[in-house]
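Keep in mind the model is a prediction, meaning the values are calculated, not measured.
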Amino acid sequence: SVPQLPSIPDGAEGVQELKMGDKVKLDAFASTYGPAIVAEDGTLRRIDNWAEMSPREQEVAWRRLVKRNEERKAKLKAAQEASEVAAAAAAAAAEEEEEKGDVQGEVEEL
């Protein structure tokens, strides 16, 4: 059986019902909890004191984080692509070595 989430109490304010596959903007969530911070290792976190920051501080932090997050995501993507290229090259080299071994065995049989 599939685990079920607890039911929402009747009359709960600000509750939006979603069905599987529905898309929703998280503007209200982001304005309450602040932007997600992409760490150098790709993990995410939030600013702990977002609610205590002034609107000006939030605006400046948001602008800086958007720029830094984009830079970090690009760096992570480049590292992932480089890793995939290296893995493909290693697999191709291993396959080539295996083929050489097969041909060597055929030559020795002659």
### Query
How long is the span from the CZ atom in Arg46 to the CD1 atom in Ile37, to the nearest 0.5 Å?
8.5 Å
### Task
Could you tell me whether Glu70 and Lys73 make a salt bridge, using a distance below 4.0 angstrom between a side-chain N and a carboxylate O?
yes
### Task
Would you check if Leu76 and Asp41 make a side-chain contact, meaning some heavy-atom pair closer than 4.5 Å?
no
## Note on the structure
The reported gap from CG in Asn69 to CH2 in Trp62 (rounded to nearest 0.5 angstrom) is 10.0 Å
### Query
For Ala79, which residues count as a side-chain contact (heavy atoms from CB on, under 4.5 Å) partner, sequence neighbours excluded?
none
### Task
Report the C-alpha separation of Lys75 and Glu71 in whole Å, then their side-chain angles, then the decisive distance to 0.1 Å, and conclude whether the salt bridge (charged side-chain N to carboxylate O under 4.0 Å, His left out) test is met.
CA-CA 6 Å; Lys75 187 176 179 180; Glu71 291 170 355; over 6 Å; no
### Query
Are Tyr33 and Leu65 grouped together when hydrophobic residues (ILVMFWY) are joined by side-chain heavy atoms under 4.5 angstrom apart?
no
### Task
Would you sort out whether Arg72 and Arg68 count as a side chain to side chain contact (heavy atoms under 4.5 Å, CB included), showing the intermediate values?
CA-CA 6 Å; Arg72 287 181 175 173; Arg68 186 172 59 187; 3.6 Å; yes
### Within one Ile-Leu-Val-Met-Phe-Trp-Tyr cluster: Val38 and Ile47, side-chain cutoff 4.5 Å
no
### Summary
The reported gap from CZ in Arg63 to CD in Gln58 (rounded to nearest 0.5 angstrom) is 13.0 Å
### Query
So do Glu57 and Val60 actually touch side chain to side chain, heavy atoms under 4.5 Å?
no
### Task
Could you tell me which residues satisfy side chain to side chain donor-acceptor pair (under 3.5 Å) with Ser83, sequence neighbours excluded, listed by chain and number?
none
